[in-house]
Chemist: 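Here it is: the structure, laid out below.
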Amino acid sequence: MERKTVVSDCMSCVWDCGIKVTLEDGKMVKVEGLQEHPVTKGYICPRGEYLAEFVYSPDRIKYPMRRVGNTWERLSWEEALDFAAEKLAAIKEKYGAKALAIFCGSMGVENIEVAGFAQRFKSAYGTPNLLSVENICYRSRILARQMTFGRYPMDYPPDARCIILWGHNPDGSKGMLADMIREKIEKRELDLIVIDPKRTQLSELGLHMAIRPGTDGAIGLAMLNVIINEGLYDKEFVEKYTIGFEELKAHVQQYTPEWAAEITWAAASDIKAIARIFAQSKPGCIVQGINTLDQHVNGLQLSRLLSILQIVTGNIDKPGTWVTIPFLRMTDLRLPMDEVPIGADQYPLFYMLWGRKSPYGIATLFPQAALEGKPYPVRGAIVAAANPAVSFPEANKFIEAFKSMDFLMAIDIVMTETAEMADLVLPACTFMEKDALAYVYGVVHGEPFAMYHHKVIEPIGESKPDWWIWTELARRLGFGDLFPWNSDEEVMDHLLEPSGITEELKANPMGVYFDKQDYFAYENKKINTPSGKIEIYSKTLEEAGYDPLPKYLEPAQSPVSTPELAKEFPVILISGARRQAFTHTQMRHVPHLRALEPEPFAEMHPATASHYGVKDGERIRLSTRNGSITMRAKEEPRLLPGIVSVPHGWSQANVNLLTDMDVRDPITGYPDFKALLCKIESI
Ligand SMILES: Nc1nc2c(c(=O)[nH]1)N[C@H]1C(S)=C(S)[C@@H](COP(=O)(O)OP(=O)(O)OC[C@H]3O[C@@H](n4cnc5c(=O)[nH]c(N)nc54)[C@H](O)[C@@H]3O)O[C@H]1N2
Ligand SMILES: Nc1nc2c(c(=O)[nH]1)N[C@H]1C(S)=C(S)[C@@H](COP(=O)(O)OP(=O)(O)OC[C@H]3O[C@@H](n4cnc5c(=O)[nH]c(N)nc54)[C@H](O)[C@@H]3O)O[C@H]1N2
Ligand code: SF4
Ligand SMILES: [Mo]
């Protein structure tokens, strides 16, 4: 038996941990964290440890399949691609290219090859409608920071003296950050503040502020009130680099800690205390939940508010604050596109900021386009590396919309709930079966670092890399000249060409630092906003008809904003707090991971449970005005009473049957996943 160990990385979620893979006769048998990895430093979560089970799962799709009635017919690749090309050509012919929507999920965003090829194919085909998780996750905060700073400074906390985890529980969603925080606390190097309706484990190591979901804006505004009125702000930074401070000062006078206390369920004295700690314990870094604050009706403004807290305390572009991270220069696979995607008119700033267009449509408008033909009919869909039937809001509408398609095709590694509805399913291979590029370290870890991911094993069954599938489709549709590549390596070489470090990356499987964090960028570089200053006051927002300074906005559904609805649905629903065992809708079929978490449960405070006559472990029905699901209740004294917190990603208890795609941020179109109203019934 030949046994060897190779260096690689786990691309099962956005953190991209360095791993050491043991192979026996070419088969993966063991996966460990890679201690020598400069960024992830040996961290590995159970999804990484059980990667071999995920890769070799009997549930992998092994060959192309076409639906025939209620069964699947096996096709050769030739047959499958010809069939797909014929259907896609027919859609274009009958309704025009815009009638095709392409969905890309979280794997697509984090994997430049998957996302880049979907983008390229979309424009080559002629449709502007790439609908992606970028329209429900993360891009909102990037946009908010771009609008404010003219670029995207990233929270980079390793050198911070004070960290605020704001709607973020790294123990579930970013393990290496949790480890780093614990280490700093042990060395007494950190003041930790956690703002969360749940007393997370990390919050026990610092100051915990428990708040009503969706009232974060009130906390932030009241903190500004204290920081400004007590003279704790950084006068020099504010004067030198910003516009709008005087307007801000006047604006926050109405938002006192006492006012915020009534709204948020937090104590005014605690709000004052965290404001003072954050302003004085420097350097300070707010680490914003990766999506928690985005997924509120005031999501973009919440991200702006957190930016403003960093700005007034001068916590910008210094070690331990928010820092400008140079990005790896790469070839842009996108092609120019004049047509605008659905939702561009309704959400103009999401579509275009200062002339820079976004390549994403408003995903939540897809069901309307499919089912009502508004603004125009969408009749075909390709879902690549996504599972919107479970992951998107008000999933029943998405399911209905997918079922109504003339042609639905899924490109995935396993048979997802979305793929189950498709006319054609094409098997993609996993990242272990192809070369890939781990390039998002800058955006997610704040490290100007990249890793060339070498293929570790041969593709399972007849599965193929995503680039190959898009390329073969393009060739059959007559625009193959735009897809000239013939191997993983050719694709990667093309992508990496502008970086100038292709060979260095290939030769260093452990990854390469291609640059340094750009401290003091505001001193050295032009600020790319219209005013040339950091914009506390945003004329851009004002001119588009939105608030130039963040205001407090109640959640669209709450006991305060919708008291009538709250009579029937009195409990606040949080969905999607991360669980370590799974990535979104994935991995329920991996035995060791499933053993860690065999079924979903709805967490609630014991007082909430007893109020509704529910005992720990009993089955309950959870309902909103959109639907009902059933699962077990779990008593969780760490959560504030009056709230229920439900994981996302389970098809047997799909929380997105409860969510509401009409509850959206007016600037970005992001759905509210974190503060809806529901009821609990014992069954
Ligand atoms: N209620 C609620 N809903 C939520 C959230 C929430 O907090 N609450 N969170 C939202 C967020 S932030 C996100 S990012 C979305 C995620 O939403 P999705 O991206 O739709 O969710 P995933 O389950 O990660 O889907 C990824 C799919 O890609 C497939 N896949 C894996 N590797 C490959 C590959 O190499 N090629 C191809 N073609 N396919 C591959 C997987 O099998 C899986 O089906 O969920 C959102 N949904
Ligand atoms: N294991 C695992 N890790 C993942 C993922 C996964 O699916 N599985 N998905 C990845 C992706 S795509 C994303 S977007 C990120 C998501 O990562 P984050 O958005 O950072 O989510 P969590 O870290 O789970 O933290 C959510 C916390 O916010 C609290 N919370 C809920 N509502 C509110 C509110 O209104 N205000 C405040 N202040 N707090 C609130 C919850 O109680 C919970 O403790 O995770 C990434 N990491
Ligand atoms: S799934 Fe786990 S091991 Fe893999 S990249 Fe994400 S955090 Fe790291
Ligand atoms: Mo996400």
Side-chain angles (χ1 to χ4, degrees), residues 135-148 164 166-168 195-197 209 211-225 244 247-248 251-252 254-255 259-260 262-266 271 286 288-311 343 346-350 353 362 364 393 535-538 540-542 544-562 565-566 572-576 643 659-677:
N135 185 230
I136 57 177
C137 173
Y138 212 71
R139 180 128 313 254
S140 165
R141 71 141 79 185
I142 295 182
L143 186 62
R145 294 187 196 179
Q146 283 172 335
M147 245 174 225
T148 310
I164 303 186
W166 201 315
H168 188 27
I195 304 176
D196 197 306
M209 177 176 280
I211 63 163
R212 171 161 71 92
T215 62
D216 303 80
I219 299 286
L221 288 160
M223 283 172 73
L224 282 171
N225 174 298
E247 288 90 337
L248 176 74
H251 174 67
V252 298
Q254 59 190 307
Y255 299 121
W259 162 85
E262 281 203 15
I263 290 175
T264 60
W265 304 350
I271 301 174
I286 300 176
Q288 168 177 354
I290 302 151
N291 66 22
T292 305
L293 301 183
D294 293 353
Q295 293 166 349
H296 279 298
V297 279
N298 208 22
L300 184 121
Q301 296 284 18
L302 288 175
S303 289
R304 283 252 308 139
L305 187 53
L306 269 42
S307 301
I308 293 170
L309 277 164
Q310 288 287 138
I311 295 164
Q346 229 170 307
Y347 300 94
L349 283 181
F350 182 79
L353 178 67
I362 301 296
T364 34
E535 299 194 342
I536 293 175
Y537 188 99
S538 171
T540 301
L541 281 168
E542 188 172 41
Y546 308 112
D547 296 325
L549 289 169
K551 284 187 185 153
Y552 177 66
L553 199 76
E554 260 296 306
Q557 295 181 1
S558 85
V560 181
S561 58
T562 52
L565 187 70
I572 299 172
L573 171 69
I574 299 177
S575 70
I643 299 170
T659 51
D660 194 323
M661 69 182 173
D662 292 327
V663 182
R664 292 199 285 260
D665 181 323
I667 307 176
T668 60
Y670 274 44
D672 192 329
F673 282 140
K674 306 294 179 207
L676 297 169
L677 289 178

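Values in this document were obtained by computation on a predicted structure and should not be read as measured data.
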Chemist: Can you tell me how far apart CG (L300) and CZ (R139) are? Round to the nearest 0.5 Å.
Modeler: 12.5 Å

Chemist: Can you name the closest pair of heavy atoms from F673 and T659 and give their distance?
Modeler: CD2-CG2, 3.8 Å

Chemist: Measuring from atom CD1 of I290 to atom NE2 of H168, what distance do you get when rounded to the nearest 0.5 angstrom?
Modeler: 4.0 Å

Chemist: Under 3.5 Å, is there a donor-acceptor pair between the side chain of D672 and the main chain of D662?
Modeler: no

Chemist: Starting at OH of Y255, measure out to CD1 of I219 and round the result to the nearest 0.5 Å.
Modeler: 14.0 Å

Chemist: Could you check whether any side-chain N or O of S538 sits under 3.5 Å from a backbone N or O of L541, counting only pairs where one atom can act as donor and the other as acceptor?
Modeler: yes

Chemist: Could you pull out the closest heavy-atom pair between E542 and Y537, with the gap in Å?
Modeler: OE2-OH, 2.6 Å

Chemist: Any heavy-atom pair between the side chains of D660 and Q557 that's under 4.5 Å?
Modeler: yes

Chemist: Answer yes or no: is there a donor N or O on one side and an acceptor on the other, between the side chain of N225 and the main chain of V252, under 3.5 Å?
Modeler: yes

Chemist: List the atom of F350, the atom of I667, and the distance in Å for their closest heavy-atom pair.
Modeler: CB-O, 3.9 Å

Chemist: Given N291 and K674, is the side-chain contact (heavy atoms from CB on, under 4.5 Å) satisfied, shown in steps?
Modeler: CA-CA 10 Å; N291 66 22; K674 306 294 179 207; 3.6 Å; yes

Chemist: Please examine the side chains of L677 and P559, heavy atoms only from C-beta on, and report whether any two atoms are closer than 4.5 Å.
Modeler: yes

Chemist: Do M223 and I271 come within less than 4.5 Å of each other through their side chains, counting heavy atoms only?
Modeler: yes

Chemist: Short question: side chain of Q301, backbone of K551 - any donor-acceptor pair under 3.5 Å?
Modeler: no

Chemist: G244 and I536: which non-hydrogen atoms are nearest, and at how many Å?
Modeler: O-CG2, 3.9 Å

Chemist: Find the distance between CD (E554) and OG1 (T215) and round it off to the nearest 0.5 Å.
Modeler: 7.5 Å

Chemist: Which heavy atom in T264 sits nearest to a heavy atom in A218, and how many Å separate them?
Modeler: CG2-CB, 3.6 Å

Chemist: When you compare the side chain of S558 with that of I572, does any pair of heavy atoms fall below 4.5 Å?
Modeler: no

Chemist: State the CG-CG distance between L305 and L549, to the nearest 0.5 angstrom.
Modeler: 10.0 Å

Chemist: Search all heavy atoms of T364 against all heavy atoms of G669 and return the closest pair with its distance.
Modeler: OG1-O, 3.4 Å

Chemist: Starting from the C-alpha separation in whole Å, work towards a yes-or-no answer on side-chain contact (heavy atoms from CB on, under 4.5 Å) for Q288 and D216.
Modeler: CA-CA 11 Å; Q288 168 177 354; D216 303 80; over 6 Å; no

Chemist: So does I286 get a backbone contact from the side chain of Q310, meaning a donor-acceptor N/O pair under 3.5 Å?
Modeler: yes

Chemist: So do the side chains of P550 and R304 get within less than 4.5 Å of each other, counting heavy atoms only?
Modeler: yes

Chemist: Treating R145 as the side-chain partner and S303 as the backbone partner, does any N or O pair qualify as donor plus acceptor under 3.5 Å?
Modeler: no

Chemist: Do D547 and H251 have side-chain heavy atoms sitting under 4.5 Å apart?
Modeler: no

Chemist: With a 3.5 Å distance limit and no angle check, can you tell me whether Y670 reaches the backbone of C137 through a side-chain donor-acceptor pair?
Modeler: yes

Chemist: If you measure from CG on L302 to CG on L221, what distance do you get to the nearest 0.5 Å?
Modeler: 9.0 Å

